[in-house]
Every structure is written in C-alpha cells, then in structure tokens.
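These notes are about the structure you will find just below.
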Amino acid sequence: MSPARSAAELSTALASNQIVRREERDHLEGLLFQQLRSAPQFAGAYYGDEDGNFVYVKRQGASEYVTKIVDVAVGVPERTEFIQRSENFASVGRFFDPEDRYDPRSRPWYQEAKAYRSSIWTDPYIFFTSQSPGITAATPVIGFDNHVQGVVGVDIEIKELSNFLSQLRIGKTGAAFILSRNGDVIAHPDPALLTTETNDGRLSFPSIDTLEDPIARAAFGDRLSADGVAVDGLIQTDFEHQGQQFVSLIMPFGLDDIPWTIVLYAPENDFIGIIKENRAQNTLIAVAVAAVTALLGLALANRIHAPVRAFAVRSALISQGEVNPNEPMPTTYKELENANTALVNEISQRKKTEAEYRLAFEKASRGMVHIESRTGRLLRVNESFAKLFSFAEEELVGTTFQSRLSVDDQDALNEFMERIAGDSAFGFEAKAITKDGTPIWVNFNGIFFPADSSGGTYIVATIDDITQARVSEEKIETLHREIAHYSRQEMMGELATGLAHELNQPLTAITQNADAAAYILGDTPENTTDVKGLLSEIDQQAHQAANIIRALRALVRKDENIPDDFDIRELLLQARRLVRSEARQHAIDIVLVKGEELQVRAVHVQIAQVVVNLIRNAIESIADSDCSERKVTISAEATDGCARVDVEDGGSGIADSLQLFTPFETTKRDGMGLGLSISKTLIEANGGEIWHDQSAKGARFSFTLPLKGSDHG
C-alpha cells in the first residue's frame, strides 16, 4: 500500500509544481496511465479539481484500460467522455454518457483529503465501478496561494486479502477475517459474505452483528463496541457455542498507518483434543520423569557433598589426635581443589571482562551512558559524552538525560519518557543543547540490562553526534527546492523572452502606422476630430502594450544570482543523490569518477540545474533502450584553466537529425525541448561552454566552468 501513497504524492507534486499542468488533460491522463502500469496492484488513478472536473484511468482486464473524463465546461451529452485504450496507450474507442453526473467533490476521498490538507487513507468501501472491495490513497494539490486546487487518488482492490484468508488453515475448522477501524468485516474466507445492500441500494461491508457467520457473532459480537475496534495488543478468550468450546484471538494488524484488526476463532479440540485423550498417559509419564529426576538429584547431591563431608570428618579426627595431619590427603580433597580452582578462574575471568568493559566504556570514541530506567537519571557517563555536551563527567552524573534535550523538540522528550518506562531496546534522533546553549543533533540507541535480583533495570545507551549529517541533508533539500524553483523561473524566462521578441515587431508597426495616420489627418483639416482622437487612442494602447512586454521581460530575466566559489565535485555528489531514486527504479548505476578537488567560480544553483538535467536525460536514454551497460558515468578534471565536467551514458545515443541546444527540439513524447537550451544559456552566462561529443558510444555531454581565481572568471 505504500507504493499507492507514493504514487499519489508524486502525481500531486508534479501537478502542484505545474510540471504536469492540470489543464492539459492529455498529459495528466498520460501521467495517471503510467502510474497505473507501474504497479499491478493499483486498480485506478484519478484527479478531481475544485470545479468538478475529473480525469480517471482504470484497469479493464489484463491489458486494457478505460479513461473517464468529466469536463464541466462543455454541455450535455459531451460532459462525460469514456476512452478505451490499449496497453501502449493507443485509443481503441470512445463514447459519451449523457446520464453520468459524477462529481468528485462529493466523494469521501476528496472531502477528507481537502479537510486534512495531507495524504490520507479512506476507510475500505465497495468501488462504484467494479463492485469490488478496496481502499483509496488520496493527496491534495495545494497551489501557490495555499488553496486546495484538487485531489489525486489511487485505488487498491483488497479482494486478495479474502483470497489469502480462504487458503489459510486455522486448525481444522477455524476461520480468520479482518476488520476495519469502525468494525466492518473487509476480508473473509468466504468473499460472498462481504457485501450487503443498504436501504438506499448501495453496497457496503457487513458488521460482526450482521455477518452471516453465527460462530463469529458468538465470539466477537459482545466485545466490539459501536464505535469500532481499538486494541493495543493480543487478546485471547474462550467461549462456548452450541455446547462446543472455542478459542478466539483479537490482534492489531497495521498496514502502513491503517489501523486494521485480525480476528480468528477455532474449536478448542482442534488444538488440544489429542492432549485431552492422552491426559492419563501424560500424567504417568510426568510422575515417572519426576521420580527419576529426584533420584538423580539425590545421587548428584551426595556426590557433591561427599568431599565436604570427608573434609569435616578428617578435620574432627585430626583435632582429636586420632589421625596424623601429615598423612596423604584423601582423593576427595583433590575434587575440592579442582572445584576451588574452577571457581577462582571463573571469578578471574569475570573481573577481566568487567575491566575490559570499563575500559571500552571510558575510552569509547562515541558517547556512552548508563541511565536509570523510569527516571532518566544519569548513573555513569564516559569522557566522549561529557565532551559532546561541554561538561565535566562529574557535572553530568545525577542529572537527567531529558534535561539535555531541547525543549523545542517536544516529540523527542515525550518519546524518551515513554520508552524508558518499557523494557525493549529503542532509538531516536533528537535536538539537544550543550552547556553553552549550542544546539546539536544526536542519535540515541539504548538497551535494557537487569540492575539487581529485584527485577530493576538500567539502560546502556550510545549517543552519536549527527549535527553535520543533518546539516548536509538540509543542504541537499535546500538545493533540491532551489533547482525546482529555478527551473520553473528559467522556463518562464525563455518563453517570455521569445514572446516579447515576436510581439515587439507588430507593435512597432502599429505605432508607426498610427503616427502616420495622425500626420496625414493633420494635413487634411476636412477630416473629423473623432477620427483623429481614435488614432491617438490606438497609438496610446500600442505604446502601453510595448511597455507591458518590456516590464515582463525585465521581471523574468532579472539577474539576482551572484557567482561564488564552490567545489564542483561536491555539487556533483549532491546532484547524484537527488536523482539516485530515479536511477534505482530503472536499475541504473551512477558512477562518479574519483579526482582532485576543483574550486570553480559560478552561480551554484544554475550549475546544479544543468548537472541534474544532464543526468536525468542520461537516465531516460538508458531506460528507453535495451542496452546491456546500464550506467551513467560522471567525471570532472582541470584543463586549460577551466574545470571540465563529462556526463556519459551507454544509451542509444542522439539522432543526427536533432538540433541540440535549440529551443523546443526534443525526442521525448511529453518533453518541451527546453532542458538543453536552458543548460546552454546557464553555462554560457557563467563563462563556460557546453557541447555534445559525437564520438561517444552512447551520449556524452560536456561543459566547462572557470576555475577559482582564473582569468576566465
């Protein structure tokens, strides 16, 4: 079910960032179609907006799909259109349904996602189209104005759960089924029992009370409240039905963050019938085993006690003068000597182990502490822990660990206090404060140890400083957001610049013609004043349009990015991390060739945009080909006062007919052809060059940047 939520959130991100525009129904339908093809467990994917428009792609058979498009802007009967498509997205038929009045805004998945403004799982329900039980993952699309513009949904059929339960054997005649959080039966070994018709003719799930399973009603009917099911752990009970004894279990069954519950029952005799039949025989065997054990115990005790008893007798005889103390000792003394030697060795080994642990604890390079469970009091700390928080060791002993955590991180404080009251190992990340008030991030991992024979425990924990790791992650996230924002800004700049160039010429002609008309009317006074006024108004409007276009160009082409010095290899590492998940989806390796540090002078976010664009192009090229070498190689080296970066793939290469770096030239079906054009603009703006190497096996794109302090900058 996690892939369903991820698919919904991915589609939402693409729509929110206008990478796939919601108004472009063809592109939106293609996106939903690809999501459906990528996961066979998906039954359908769709998008509904605030006006009631709806795009829905669903499976129909093994290799056929149906698209439903509701367009509220057109009239009946063209309002609702159905398109039948093949596995390769080709249209094989279409028709309109004038009777269809579907409105996504009235559906629970839409209303809940809009209300919570976050990803949600609906309660299981019977799908309207397939009449099959299922569940929906829905995510709202929130615009730049912070208003919900629509909701993306993904349907998953859950009938396979019933198929699994039908093959599951609980004893000989037992059964198991699954309940939703409101107590509805959503999976049962007999799928025919799963649907019931409501008073208004809709299909819904039955409850335990209405389920046609009398044993289930006897087992759970009086233990499930009207508000639903809520259990924290395993609940086991016995009950009787028609004179037969049964056992039942209720236990939580969480998938992702969906609180479901498994319940099962089985006749008691399925498990302990044979034990009951052989009870007498088992009793005799137990008595015999106990007798033999007792005899062996007496014999062993006598053998162990013999040398001690002999020692006591000999001591008494020596004290009475009846035995010479210089006589050889009995053999039983040797046994005592051996026992004593073994005991001494055991004590020595234990002391050695304790000394080694104490040394390892005190000299460990990571922070280590002993914490009193249930209170959080520090019983013992090592030097690394004290140094991490800028304290002396004696200053920390006796204080509480939770006092070192930041009061801003209330979730971590609550989790720590809750977990130390338990008895199982745990770990978490939290924001902490040093002695001088400096905030740091730490990773905590603790395990419980028995403190004494009374059942008390203490926690041995390791604490690692992860501040730098968190800073690096935040830099990666910041870079990712900047790249996404800059990409949209650059695309709009390219389009606005082209638009201004095309429209300035006719606007100039309009202005010249208006001036000429005013001049002619000035020389011919017989013309009316109204005509002259009209021409003057045309002239004013034309000039105003030109001013608007110039303002638009100034807005989208403003240069507020300032070049700085940075390590190009560090940027390549960050860019590789940004696209690593995409590469893994297609089983592609991204290899960064080792090399020396190279400091360049450029606008950091602009170069990041170029690198990410080239790597993604390489991934898509390999994914669309059948090449055996699924690898993208990235390298950087210094040459002629510049840093040169190469991005090479083993894909099918670039067609000779394609004019690279030209706007709107692309081989991608859904591409705009602006990626390489923008990359060329950015590289040249930073004093470098970019080109494509025709001699490479697949495709190799290279660019240069001025090194720090070089004349190129």
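Hydrogens, waters and symmetry mates play no part in the numbers below; they use all other heavy atoms, side chains included. Throughout, residue positions are numbered sequentially from 1 according to the sequence presented.
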(request) List the atom of Leu405, the atom of Phe416, and the distance in Å for their closest heavy-atom pair. (result) CD1-CB, 4.5 Å
(request) Establish, from distance only, whether the side-chain atoms of Asn146 and Arg117 form a donor-acceptor pair under 3.5 Å. (result) yes
(message) To the closest 0.5 Å, what do you measure between CG (Leu572) and CG (Asp567)?
(response) 8.5 Å
(request) Evaluate the criterion side-chain contact (heavy atoms from CB on, under 4.5 Å) for residue pair Val154 and Trp109; output intermediate values, then yes/no. (result) CA-CA 10 Å; Val154 176; Trp109 56 267; over 6 Å; no
(message) Pairing donors with acceptors under 3.5 angstrom, does anything connect the side chains of Glu418 and Asn414?
(response) no
(request) Look only at the side chain of Thr122 and the backbone of Thr136, and say whether a donor-acceptor pair between them is shorter than 3.5 Å. (result) yes
(message) For the CG atom of Leu378 and the CD1 atom of Ile371, what is their distance to the nearest 0.5 Å?
(response) 5.5 Å
(request) Kindly indicate whether the side chain of Val381, heavy atoms from C-beta on, has any atom under 4.5 Å from the side chain of Phe389. (result) no
(message) Just verifying a value: how many Å separate Asp465 CG and Phe385 CZ, rounded to the nearest 0.5 Å?
(response) 11.5 Å
(message) How close do Pro189 and Phe177 get, counting heavy atoms only, and between which atoms?
(response) CD-CB, 4.3 Å
(request) Enter the distance from Tyr265:OH to Asp213:CG here, rounded to the nearest 0.5 Å. (result) 3.5 Å
(request) Indicate the atoms forming the closest heavy-atom contact of Ser119 with Thr139, along with that distance. (result) OG-OG1, 3.0 Å
(message) Testing the basics here: between Ile459 and Gly446, what is the closest heavy-atom pair and its distance to 0.1 Å?
(response) CG2-CA, 4.0 Å
(message) Tell me the closest heavy-atom pair linking Leu413 and Gln402, and the distance in Å.
(response) CD2-O, 3.5 Å
(message) What's the separation between atom CD1 in Ile186 and atom CG in Leu179, rounded to the nearest 0.5 Å?
(response) 7.5 Å
(request) Indicate yes or no: at least one non-hydrogen side-chain atom of Asp184 is less than 4.5 angstrom from one of Pro124. (result) no
(message) Is the shortest side-chain heavy-atom distance between Val397 and Glu394 below 4.5 Å?
(response) no
(request) Show your reasoning for whether side-chain contact (heavy atoms from CB on, under 4.5 Å) applies to Ile135 and Trp260. (result) CA-CA 12 Å; Ile135 190 171; Trp260 290 349; 3.7 Å; yes
(request) Among residues two or more places apart or on two chains, list those pairs meeting salt bridge (charged side-chain N to carboxylate O under 4.0 Å, His left out) that have a residue in residues 371-384. (result) Glu372-Arg377
(message) Going by ring pair (Phe, Tyr, Trp, His ring centres under 6.0 Å), name the residues that satisfy it together with Phe426, two or more places apart in sequence or in a different chain.
(response) Phe444
(message) I need the full list of salt bridge (charged side-chain N to carboxylate O under 4.0 Å, His left out) pairs touching residues 426-450, with sequence neighbours left out, sorted by first then second residue.
(response) Glu395-Lys435, Glu429-Arg470
(request) Work out which heavy atom in Ala425 is nearest to a heavy atom in Phe448; give both atom names and the distance. (result) N-CD1, 4.4 Å
(request) Kindly state whether the ring of Phe361 and the ring of His370 have centres lying under 6.0 angstrom apart. (result) yes
(message) For the residue pair Ser373 / Thr457, report whether a side-chain donor-acceptor contact shorter than 3.5 Å exists.
(response) yes
(message) Taking the side chain as everything from C-beta on, heavy atoms only, tell me whether Thr375 gets closer than 4.5 Å to Thr400.
(response) no
(message) So, taking the atom named CG in Asn382 and the one named OG in Ser365, what distance separates them when rounded to the nearest 0.5 Å?
(response) 9.0 Å
(request) Run the numbers on Ile463 and Phe401 for side-chain contact (heavy atoms from CB on, under 4.5 Å), then give the verdict. (result) CA-CA 11 Å; Ile463 293 87; Phe401 180 81; 4.1 Å; yes
(request) Test Asp464 against Val442 for side-chain contact (heavy atoms from CB on, under 4.5 Å), laying out the working first. (result) CA-CA 5 Å; Asp464 297 301; Val442 297; over 6 Å; no
(message) Looking at Thr467 and Trp441, would you say the former's side chain and the latter's main chain have a donor-acceptor pair under 3.5 Å?
(response) yes
